[in-house]
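Side chains are part of it too, since the values below use all heavy atoms of this structure and drop only hydrogens, waters and symmetry mates. Here is the naming used below: chain letters follow the sequence lines, and residue numbers restart at 1 for every chain. Just so we're clear, the structure is a prediction, and the values are computed from it rather than from any experiment.
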Amino acid sequence: MLEIFQYEFMQRAFLAGTFVAVVAPLVGLFLIVRRYSGLADTISHISLVGVATSLFFGLAPIPISVILSTICAYIIDKLRDSKKVFGESALAIFTYGSLGLVSIIISTGRGFSTNLGSFLFGSVLTITVENLCYIIPLCISVLCAVIIWYQKFFVVSFDPELAKISGVRVGVWNFLLILMACLVVSSGILVVGGLLIGALMIIPAVTSLQFRLSFRNTLFLSSFFAVCSLWLGLFVSYYFNLPSGGSVVMINMMFFGLSLAVNRD
Amino acid sequence: MNDTIIKVSHLKYAYNGNAVFDDLSFEIQKGDYVGLIGSNGSGKTTLLRLILGLITKQKGSIQIFGKEIEGFQEHTKIGYIPQKVGSIGVDFPATVREVVASNYSKNNTETLLQALDRVFELFEIGDLSSSLLADLSGGQLQRVYIARSLINNPEILIFDEPTVGVDKENQINFYQFLKKANTEFGITILFVTHDLESISEQATKVFCINQGVFEEIGSDLHSHSNLHTTGYANSPLADKIYHVHS
């Protein structure tokens, strides 16, 4: 057995990371084709508020993060629909608002900033067995939702108006997609960090889009790239003593660069 | 048996305080081939959107297959092809097969494969099934969208300016298909268009809409004010135009 797999924390990191990497780009691709990839970043910032709050009160971070991000993402979507603010502005407002709130919570907290740092950029050391009990079921739920309701998500993403005419309840499926994004972000926040989980949702999906495949195969390929980058990233992180989140993202960037080079025409 | 497919009664709709329709009533019967014409901004697309349930009426009644639009659930009976099909979804990373299949309903009596084979053969797009939408021409995209709308064997096809952005040859093919769909398959057709030449050859009824007025048949149509204001009085359409006094 490789040395890296002899440590339980690394085993947990690979296990949690693989589950997150499989589902993150699935949701990410649906957000991209809806021109809504910024939502991933905003949700991750909101999740950080949830994490900071839960650390402050000594609660489990993932459930608090899921609840808070879902509520806020729902409000963002309603704001966007109401046309009272531009879609991108709604995302920016919640991103900056979340960062402001996190900074206040940190300043009033009692020295948990070191721990919060792992949530910002990811740290495999923080993935406990208890965390796995949240991460794995959440990721399986997202995967099942994508498989079972693939056609609904496809139709709503392709053209919401045509979907509505076909009798699809667009608002319901929009909300489910947002909920899935919240679940993915909250699950991945420990693995690659709150500031970088959006990258695991978006970059593998954009990379796979360069290969001009069917939508279904693009989904498969994006998960493949995400899992490969996760594994390579964790290896690099372990052997070169680098942060796990940053390593995973940089491997993703490398794949993206290669995909551009391979598909130059 | 009731053959009324669409029944609009005393419809009222205003946008930003401006009345688009004040008291609009008309019916479309099974087997009708209806062209809806009118000047820009006359409310043609708004009327289609009301019928399709995309926007909500303020007063009056819209019945589809005998049911009020608010409670209408038999969506597979309606096939819809939107405006500018040549540009819709062109950057969406999906194949022709995925897009056509995405409209398949579990209520369809055919299997998905049977339904796909039928529409692919009908529109000769089987060779394109693995192509991305981005790689198709405007005419090919139009055929894909019509195939998509026909996957569930609808009873009415609704088109909104279906030939915009499509070359002449594909327009001819398109109108030939419409005629076939109407006469051979018995599909009721309602379409908004500016293409007076084709509509005059094909449609069995033409509704002219202008400033919220929509009128019932008469033999003295050439003298009707609505036709003059919309410029259709001397067109070959005139004897097919229905007028309904609002």
Problem set entry | A:Phe175 six-ring face occupied by A:Arg169 cation (under 6.0 Å, within 45°) | no
Exercise. What part of B:Asn152 is in contact with chain A, defined as an atom under 4.5 angstrom from a non-hydrogen atom: side chain, backbone, both or neither?
Worked result: neither
Exercise. What part of B:Phe92 gets closer than 4.5 Å to chain A, counting heavy atoms only: side chain, backbone, both or neither?
Worked result: side chain
Exercise. What do you reckon, are the aromatic ring centroids of A:Phe215 and A:Phe153 less than 6.0 Å apart?
Worked result: no
Exercise. Which one of B:Ile78, B:Val99, B:Thr76 has the most heavy-atom pairs closer than 4.5 Å to chain A?
Worked result: B:Val99
For this session: To the nearest 0.5 angstrom, please state how far the OG atom of B:Ser9 sits from the CD atom of B:Gln63.
Result: 6.5 Å
Problem set entry | Contact origin within B:Arg49 toward chain A - heavy atom pairs under 4.5 Å | side chain
Exercise. Do B:Tyr33 and B:Phe191 have ring centroids that are under 6.0 Å from one another?
Worked result: yes
For this session: Taking atom CD of A:Glu161 as the centre, report whether more than 12 heavy atoms of other residues, nucleotides or ligands fall under 6.0 Å from it.
Result: yes
Exercise. How about A:Phe255 and A:Phe225: are their ring centroids closer than 6.0 Å?
Worked result: yes
Problem set entry | Under 4.5 Å from any heavy atom of chain A - which part of B:Leu133 | side chain
Exercise. Between A:Tyr36 and A:Phe30, does the ring centre distance come in under 6.0 Å?
Worked result: no
Exercise. Who among B:Ala134, B:Ser105, B:Ser102, B:Ser130 has the most heavy-atom pairs with chain A under 4.5 Å?
Worked result: B:Ser102
For this session: With a 4.5 angstrom heavy-atom cut-off, could you sort out which part of B:Leu54 is near chain A: side chain, backbone, both or neither?
Result: both
Exercise. Under a 4.5 Å heavy-atom cut-off, does chain B meet the side chain of A:Arg35, its backbone, both or neither?
Worked result: side chain
Problem set entry | chain B interface, residue from A:Asp159, A:Leu209, A:Val155, A:Ile32 that has the most non-hydrogen pairs under 4.5 Å | A:Val155
Exercise. B:Leu132, B:Ile158, B:Asp91: which one forms the most heavy-atom pairs within less than 4.5 Å of chain A?
Worked result: B:Leu132
